[in-house]
Amino acid sequence: MFPDISWAYKNYSTNVGIDSLHTMRTPAETKHLILRSQRVQETIRNVAAAEKTTVAEIEKRAHADLDRMAHNLRLPIVRVLGWFLRKVFRRIYDGIHVDEAGLEKVRSVLTKGPILLVPTHRSYVDFLIISYIFFEYNLPMPHIASGEDFLSVLFVNWVFRNSGAFFLKRSFRGDPLYIALFTEYVQRLIVDWSPIEFFIEGRRSRTGKLLHPKFGLLSICIETLLEKKVPDLTIIPISISYEKILEADLYSKELLGESKAKESLKGLLRASQSVVSLNLGRINVICNEPISLTDFIAEKSKEENAKPRSKHYDPYANNEDRKSLLEALGYRVVYDLNKGTVITPTAILATMLLAHRKGIAHDDLLQQVNWLRNDILARGGSVAFEGGAEQLVRQELQGGECQASSSDFR
């Protein structure tokens, strides 16, 4: 217990902020700037005129929307949550294997401009694991875009908000006030160099395959560079690979036609009773090559201007070119996320068993497992185990732990 408490209350400081002293704005200062911004003030007046009500009434609504939306990141809460997660993760996971070289690349780009962390989305654990790792490695805590679904979960919403989460509606089409507030809020965080984390797939993948990118939040983020509010914007795709997904049973039921269970504290407490007895193997976290948006725009512009065109490609000034850039960037991020996926022993063995549904001899299974492992490596993929096929098959069938080390990430 005491080593975990010492870890949670270690000296934690990061060299990132809005000025040379690396200070960060308080949530109250951020809210004040957003409500006084030109975009929000114009929208408030327009909405008041459209609804034939007073500006004060719309300002009151704006305050309420922003309070519901905004994070309230507090380091003491992060420390307590980190201590709790350290206890839980040790019980249900064999280990968290982190690409430390990738994390150092993240550290190196922090001085060049704001960063966007874009992880894969397979599990609710995704919301926690990046913050946990960044705290461990003394990197700035991300501000995590979360759905308003979590606001209905008592206590959990308070923990998330005070650990850096901000909340957005699933859809806010037709609500100009909310659009203005959310856009200004996200862009204020970026202009202040606060790291933002969001899931480009929009929702958890139930099949393990990457979903097509959603462009809404990405569009809001890159607008800060296209309007020259920041010197550069670096996007870091982060591939999170689980040996076994925490929600695997729920996903199976949903794929068979059951409706998604609504998030609630009661459901969470009921699920937590069985979670602590699980053995979910290991988690692999890979920080893929950072994407400088300035460099990406330069490469895209060179490529497009080399084609026969009626006019010069310029996403800074042309909205159609901006849409083209957004789509190319979104799919580039998803491609990198897929490239960074680590193939687990469970996935390899399950693939071979599913390919031979009528059964397969033990020696043939070993041969097929070894072939698949070697083929993945030959194609430039990563496999999360060392040793031979016999060790993999024996340990997976017995539910044991495969040996692994940082050398697995090739």
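Only this structure's heavy atoms are used, side chains among them; waters, hydrogens and symmetry mates stay out.
If you check the side chains of Ser239 and Asn288, you find a donor sitting under 3.5 Å from an acceptor. A donor and an acceptor atom, one from each side chain of His97 and Asn284, are nowhere located under 3.5 Å apart. Checking Thr224 against Gln187 by side-chain atom types alone, no donor-acceptor pair falls below 3.5 Å. Side chain to side chain, Glu100 and Tyr137 meet the donor-acceptor criterion of an N or O pair below 3.5 Å. The closest side-chain donor-acceptor pair between Arg204 and Tyr124 falls under 3.5 angstrom.
The two atoms that bring Ser37 and Ile34 nearest to each other are OG-O, 2.7 Å, heavy atoms only. Across all their heavy atoms, Leu225 and Tyr316 have their closest contact at O-CE2, 3.9 Å. The heavy-atom pair separating Pro231 from Trp193 by the smallest distance is CG-CZ2, 4.1 Å. Closest of all the heavy-atom pairs between Thr234 and Pro290 is CG2-CB, 3.6 Å. Taking each heavy atom of Asn138 and Arg107 in turn, the nearest pair found is O-NH1, 3.5 Å. Closest non-hydrogen pair, Ile236 versus Cys287, comes out as CG2-CB, 4.4 Å.
Looking only at side-chain heavy atoms (C-beta outward), Leu117 and Phe198 stay at 4.5 Å or farther from each other. Within the 4.5 Å cutoff, no side-chain heavy atoms of Tyr242 are placed close to those of Thr344. Side-chain atoms of Leu218 and Val333, non-hydrogen and from C-beta on, never get closer than 4.5 Å to each other. You'll find the side chain of Val383 stays beyond 4.5 Å of the side chain of Val342, heavy atoms only. Looking only at side-chain heavy atoms (C-beta outward), Tyr9 and Val80 come within less than 4.5 Å of each other. The shortest distance between side-chain heavy atoms of Lys87 and Phe84 does not fall below 4.5 Å. Put simply, the side chain of Trp158 does not reach to within 4.5 Å of the side chain of Val153, judged on heavy atoms. Side-chain contact between His63 and Leu35: present, with at least one pair of heavy atoms (C-beta onward) separated by less than 4.5 Å.
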Please walk me through it: do Lys302 and Glu299 pass salt bridge (Lys or Arg N to Asp or Glu O under 4.0 Å)?
CA-CA 5 Å; Lys302 183 179 180 181; Glu299 292 170 9; over 6 Å; no
Phe135 and Leu81: CA distance, side-chain angles, deciding distance, side chain to side chain contact (heavy atoms under 4.5 Å, CB included) verdict:
CA-CA 11 Å; Phe135 181 76; Leu81 180 61; over 6 Å; no
Mind running side chain to side chain contact (heavy atoms under 4.5 Å, CB included) on Leu325 and Phe296 for me, showing each step along the way?
CA-CA 9 Å; Leu325 172 74; Phe296 185 86; 3.7 Å; yes
Please report the C-alpha distance between Tyr331 and Asp336 in whole Å, then the side-chain angles of each, then the deciding distance to 0.1 Å, and finally whether the side chain to side chain donor-acceptor pair (under 3.5 Å) criterion is met.
CA-CA 9 Å; Tyr331 279 101; Asp336 286 355; over 6 Å; no
Show the numbers, then the answer: is there a side chain to side chain contact (heavy atoms under 4.5 Å, CB included) between Glu243 and Leu280?
CA-CA 6 Å; Glu243 186 139 7; Leu280 299 175; over 6 Å; no
Evaluate Lys112 against Asp232 for salt bridge (Lys or Arg N to Asp or Glu O under 4.0 Å), listing each step before the verdict.
CA-CA 7 Å; Lys112 300 176 182 177; Asp232 196 4; over 6 Å; no
Run the side chain to side chain contact (heavy atoms under 4.5 Å, CB included) test on Arg79 and Arg74 for me, step by step, so that the C-alpha distance in whole Å, both residues' side-chain angles and the decisive distance to 0.1 Å come before the verdict.
CA-CA 9 Å; Arg79 293 186 187 278; Arg74 295 168 59 195; over 6 Å; no
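Ring planes of Phe199 and His121: parallel class, angle under 30° (limits at 30 and 60°). Below 30°, between 30° and 60°, or above 60°: for Phe150 and Phe127 the angle between ring planes is above 60°, a perpendicular geometry.
Asp94 places no side-chain N or O within donor-acceptor distance of the main-chain N or O of Arg282, the cut-off being under 3.5 Å. Between the Asp192 side chain and the Ser194 main chain, no donor and acceptor come within less than 3.5 Å of each other. Within the 3.5 Å criterion, the main-chain N or O of Ala298 finds no donor-acceptor partner in the side chain of Ser301. Proximity of a side-chain donor or acceptor of Arg91 to a complementary backbone N or O of Asn279 within less than 3.5 Å is not detected. Formation of a donor-acceptor pair under 3.5 Å by the Ser163 side chain with backbone atoms of Val159 is found in this model. The backbone N or O of Asn370 sits less than 3.5 Å from a side-chain atom of Asn374, completing a donor-acceptor pair. Without hydrogens or angle criteria, Arg86 side chain to Ala8 main chain gives no donor-acceptor distance under 3.5 Å. Panel note: side chain Lys10, backbone Glu136; a donor-acceptor pair is recorded below 3.5 Å. Side-chain N or O atoms of Ser152 include one that pairs as donor or acceptor with a backbone N or O of Asp149 at under 3.5 Å. At least one donor-acceptor pair under 3.5 Å links the side chain of Thr341 to the backbone N or O of Asn338.
For the pair Arg170 and Glu148, the salt-bridge criterion is not met [side-chain N within less than 4.0 Å of a carboxylate O]. With respect to Arg122 and Glu201, a salt bridge is recorded, a charged nitrogen being found less than 4.0 Å from a carboxylate O. With respect to the salt-bridge test (charged N to carboxylate O, under 4.0 angstrom), the residues Lys300 and Asp321 do not qualify. A salt bridge is absent between Glu327 and Arg322; no separation between the charged side-chain nitrogens and carboxylate oxygens falls under 4.0 Å. A salt bridge between Lys323 and Glu320 is present, with a side-chain N of the basic residue lying under 4.0 Å from a carboxylate O of the acidic one. By the 4.0 Å N-to-carboxylate-O rule, Asp375 lies close enough to Arg379 to be salt-bridged with it. The existence of a salt bridge linking Lys60 and Glu57 is excluded, since no basic side-chain nitrogen approaches an acidic carboxylate oxygen closer than 4.0 Å.
If you run side-chain hydrogen bond (donor to acceptor under 3.5 Å, both in side chains) between Glu184 and each of Gln38, Arg36, Arg39, only Arg39 comes through.
Centroid-to-centroid, the aromatic rings of Phe166 and His71 stay 6.0 Å apart or farther. Between Tyr132 and Trp7, the ring center distance clears the sub-6.0 Å criterion.
We find the CG-CG distance between Asn157 and Leu151 to be 5.5 Å, quoted to the nearest 0.5 Å. The CG atom of Leu246 lies 9.5 Å from the CD1 atom of Ile283; values are rounded to the nearest 0.5 Å. Atom CG of residue Leu293 and atom CG of residue Asp295 lie 9.0 Å apart, to the nearest 0.5 angstrom. Remark: Leu116 CG to Ile200 CD1 distance equals 9.5 Å, nearest 0.5 Å. Taking CD1 of Ile115 as the start and OG of Ser292 as the end, the distance is 13.0 Å to the nearest 0.5 Å. Of the inter-residue distances, the one linking His32 atom NE2 with Thr26 atom OG1 reads 10.5 Å to the nearest 0.5 angstrom.
Figure legend: cation-pi geometry between Lys307 and Tyr313 absent, as NZ or CZ is not positioned both under 6.0 Å from the six-membered ring centre and within 45° of its axis.
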